[in-house]
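Comments concern the structure below.
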Amino acid sequence: MTERKVRVRFAPSPTGALHIGGVRTALYNYLFARQHGGELIFRIEDTDSHRFVPGAEEYIIESFRWLGIKFDEGVGFGGSHGPYRQSERRDIYKEYVTRLLDAGKAYIAFDTPEELEAKRNEIQNFQYDSHTRLQMRNSLTLSKEDVDRLIADGAQYTVRFKIEPGMEVRVDDMIRGEVVVKSDILDDKVLYKSADELPTYHLANIVDDHLMEITHVIRGEEWLPSAPLHVLLYQAFGWTDTMPKFAHLPLLLKPEGKGKLSKRDGDRLGFPVFPLEWHDPKTGEVSSGYRESGYFPEAVVNFLALLGWNPGTDQELFTLDQLVEAFDITKCSLHGAKFDYQKGIWFNHEYILQKSDDEIAGLFAPIVANNGIDESMERVTQVVHMMKDRVSFVKELWPLCSFFFVAPTEYDEKTVKKRWKEYSARQMTELAEVLEGIEDFSIEGQETVVMKWVEDKGYKLGDVMNAFRLALVGIGKGPGMFDITAFLGKEETLRRLHAAIDLLK
Ligand code: GLU
C-alpha cells in the first residue's frame, strides 16, 4: 500500500451551538493534519433534516475563525471533493446503496414502526439481525415480485445492512489499540430511508470518508460503538485498502469528574460550554460563550489541548504551533478528562501576563473610554503595567483600576474604622506638606523623602501608609502607594489627600 497524504475531517451536524468537546475534536484533527503535512476537511453532516437548526453552520465556521483553527477544504472553504454538505450529495449515496443491494450486502425492509414495536414487545432485547431477520417483512423473506409490487405501490421502506454472524470485527484505534468485536452483537443497521430519500448517518459518513480520501478518523468516544459497523461497511464496499485509522477521543467529564460534561454544568457553575455566545433560534435562550466571556482564543485552544492529552513534561503553555510540534494522538488518555474550568481561567491569566502591556491596553482603553474617562494610551498602558498580574480577564481591570482615573467619592466603611485613627487627619496634613515640598515626584524621589519624615517623627509606617491609601484609593487594597502617587501626580495626590482629611475629619 502506498503512503497516502494524511487527510482528516471534522464533520459536525448543524443541530445547534458547537459544544466545547466538539471544539477539542476539531483541534486534535487540526494538530494531527498540520504535524503530518496533511489536510483538514470541514464536512457538514445534515442528513437528519428534523434536527437541522438555522444558523448553526455559520456559528461553527465563525467559532473556528475566532479560534484560529483553519480548514483546507470544505463548506465555506472550497476544494475538489465537494459538495461538502451531505444534503447536497443525495444522488451519490443512492448509487452506493444500490451497489450494496446488488451485491446482496444489504436488503430492503418494509416493517412499519408498529410492526417493529410489536416485535420488541414479543421478544426481549429484540435486535434486527441474522437471528431475527427471517421473521420480518423484507426482501429476504418476500418474493422479488412482492418486493417490486410494494415499491411500485409506494410502500415506505428502509435499506438495512446485512451483517454476517460469526465474524470478528477489528477496529484499529490509535489510542485504544486494536478493538475486537463479534459481529453477532451488531444489528442490521438502517442505511437508507425511502421516506426522506436520504441515507442515515452511517452510510453517508463512510461513503464520504471514502470519496474524500480520509486517512484518519479522529472523533469523540461516543462514536466508538459505531466503529465496527463502519469497518464492516468499508469491507462490504471493498475499500479495505484505504480504510482509515480511527482515534476515539476520551470524553470530557463534569468538573467533579463523574459523568459527561453538559451545558447544565456550565449554567450551574458559571462557565461557558460553547466557544461563542449562542442565541437559540427556537427558544430564544442565550448561552454564554468563551469569546464573549473575555477569554483569549489562544488560551481556550491551550486549555482544550491539554484535556485528554499531555506532553509528558511539566510544560503547560503552548502556542498553536508548539502544539502542532508536541501533540501525539497515540498519547491521548483512555479515560475521560475532567473539565477543570478553573484551569481555563488560569490559562487566560497566563495569557494576559504573556501579552504585552500595549496589547492589553488596546483592549482596556475602550472600557476606560466607555466609563467617560479621557486618558492617553500611554497612561492606560501604565495602569495595565501595574495591574495586569492581578486579573484573569481584561474586564476585571476596570473595577480594580478605576481609582487611577476617578478620585474616590466615598471611603470603605470597614477600612475607615480600622485604618483611620484619631491622629490620621493630623498625620495626613503633615504628609501633604511633605509631599508639597518634593521636587522629584517619581517613585524613588517621593519614597526617600517620605520615609525619612516617618522615621524622624517616629510614626508607625503602617499607620501612615494605610491612611494614605484609604485617602487616595477609597479602599484598603491596591498597588504600591508611590506607584499610585507617581501616576496621579503631585496635584491630584494632594487634592485627594485634602478631600479625605475634610471628609473623614
Ligand atoms: N456528524 C457526526 C457528529 O456530529 C460525526 C461523527 C464522526 O466524526 O464520524 O459528531
Side-chain angles (χ1 to χ4, degrees), residues 8-31 40 42-48 50-69 71 74-75 201 205 217-226 247-283 285-293 295 297 299-309 332-333 335-345 347:
V8 294
R9 84 300 193 271
F10 180 63
S13 300
T15 55
L18 179 63
H19 190 273
I20 201 74
V23 176
R24 187 199 54 176
T25 299
L27 171 62
Y28 283 13
N29 273 285
Y30 173 88
L31 298 176
L40 173 60
F42 180 60
R43 184 169 77 218
I44 289 287
E45 305 212 319
D46 57 349
T47 55
D48 188 348
H50 304 293
R51 297 182 60 217
F52 178 84
V53 173
E57 184 183 302
E58 294 75 9
Y59 174 95
I60 296 168
I61 292 175
E62 174 62 11
S63 298
F64 291 121
R65 203 197 53 74
W66 178 64
L67 288 161
I69 294 174
F71 291 87
V75 175
Y201 155 74
N205 190 264
V217 167
I218 301 169
R219 62 185 175 191
E221 187 177 89
E222 62 271 32
W223 301 100
L224 184 59
S226 305
H248 291 94
L249 305 175
L251 280 179
L252 292 187
L253 305 176
K254 295 181 187 304
E256 298 89 348
K258 275 234 169 83
K260 203 176 149 188
L261 175 74
S262 73
K263 187 172 130 38
R264 242 167 299 128
D265 299 315
D267 295 342
R268 178 170 59 90
L269 297 164
F271 62 87
V273 297
F274 299 138
L276 314 180
E277 193 171 87
W278 168 249
H279 297 247
D280 191 305
K282 279 190 198 127
T283 62
E285 193 195 347
V286 179
S287 306
S288 66
Y290 278 85
R291 181 177 64 183
E292 291 73 12
S293 301
Y295 286 81
V300 175
V301 162
N302 198 156
F303 169 48
L304 288 179
L306 293 170
L307 286 174
W309 168 80
C332 285
S333 85
H335 315 289
K338 254 193 255 178
F339 194 81
D340 181 0
Y341 68 99
Q342 304 278 7
K343 192 76 192 187
I345 297 172
F347 271 108

Before giving the answer on ring-ring contact (aromatic ring centres under 6.0 Å, His included), spell out for Trp278 and Tyr59 the whole-Å C-alpha distance, their side-chain angles and the decisive distance to 0.1 Å.
CA-CA 8 Å; Trp278 168 249; Tyr59 174 95; 5.1 Å; yes
Apply side-chain contact (heavy atoms from CB on, under 4.5 Å) to Val23 and Phe274, showing your working.
CA-CA 9 Å; Val23 176; Phe274 299 138; over 6 Å; no
Take Glu277 and Ser287 through the test side-chain contact (heavy atoms from CB on, under 4.5 Å) and record every step on the way to the result.
CA-CA 6 Å; Glu277 193 171 87; Ser287 306; over 6 Å; no
Could you walk me through whether Asn205 and Arg43 pass side-chain contact (heavy atoms from CB on, under 4.5 Å), step by step?
CA-CA 10 Å; Asn205 190 264; Arg43 184 169 77 218; 3.4 Å; yes
Do Val300 and Phe347 pass the side-chain contact (heavy atoms from CB on, under 4.5 Å) test, and can you show the C-alpha distance, the side-chain angles, and the key distance before you say yes or no?
CA-CA 8 Å; Val300 175; Phe347 271 108; over 6 Å; no
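Between the Ser13 side chain and the Glu45 main chain, a donor and an acceptor come within less than 3.5 Å of each other. Between the Tyr290 side chain and the Pro297 main chain, no donor and acceptor come within less than 3.5 Å of each other. Not a single donor-acceptor pair under 3.5 Å links the side chain of Glu57 to the backbone N or O of Pro14. In this structure, the side chain of Ser333 engages the main chain of His335 through a donor-acceptor pair within 3.5 Å. Checking side-chain atoms of Asn29 against main-chain N and O of Ile218 turns up a donor-acceptor pair under 3.5 Å.
In this structure, the side chains of Lys338 and Lys258 stay at 4.5 Å or more apart for every pair of heavy atoms. Two residues are said to be in side-chain contact when any heavy atoms from C-beta on lie closer than 4.5 Å; Pro281 and Val53 meet this criterion. For the pair Leu40/Arg9, no side-chain contact is recorded, criterion being any heavy-atom separation below 4.5 Å from C-beta on. Side chains of Tyr30 and Val8 form no contact here, defined as non-hydrogen atoms less than 4.5 Å apart. For the pair Arg219/Leu249, no side-chain contact is recorded, criterion being any heavy-atom separation below 4.5 Å from C-beta on. Using a 4.5 Å heavy-atom cutoff, the side chains of Leu261 and Ile20 are in contact.
Other residues, nucleotides and ligands contribute more than 12 heavy atoms inside 6.0 Å of the NZ atom of Lys254.
Using a 4.0 Å cut-off between charged side-chain N and carboxylate O, Arg268 and Glu256 make a salt bridge. Ion pairing of Lys260 with Glu221 is absent here, as no side-chain N (NZ or NE/NH1/NH2) approaches a carboxylate O to less than 4.0 Å. Residues Glu58 and Arg65 are not paired through a salt bridge, judged by the lack of any N-O separation under 4.0 Å between the basic side chain and the carboxylate.
Listed by chain and residue number, Phe10, Phe71 satisfy the ring pair (Phe, Tyr, Trp, His ring centres under 6.0 Å) test with Phe64 (two or more places apart in sequence, or in another chain). For Phe339, the ring pair (Phe, Tyr, Trp, His ring centres under 6.0 Å) criterion is met by Phe271, Phe303, not counting sequence neighbours. In this view, Trp223 and Tyr201 satisfy the ring pair (Phe, Tyr, Trp, His ring centres under 6.0 Å) rule, not counting sequence neighbours.
Between the CG atom in Asp265 and the CG atom in Leu252 there is a gap of 11.0 Å [rounded to 0.5 Å]. In this structure, CD1 on Ile60 lies 7.5 Å from OG1 on Thr15, to the nearest 0.5 angstrom.
Here the closest heavy-atom approach between residue Trp66 and residue Pro275 is recorded as CZ3-O, 3.9 Å.
Taking the ring axis of Tyr28 as reference, the NZ or CZ atom of Arg24 stays within 45° of it and closer than 6.0 Å to the ring centre.
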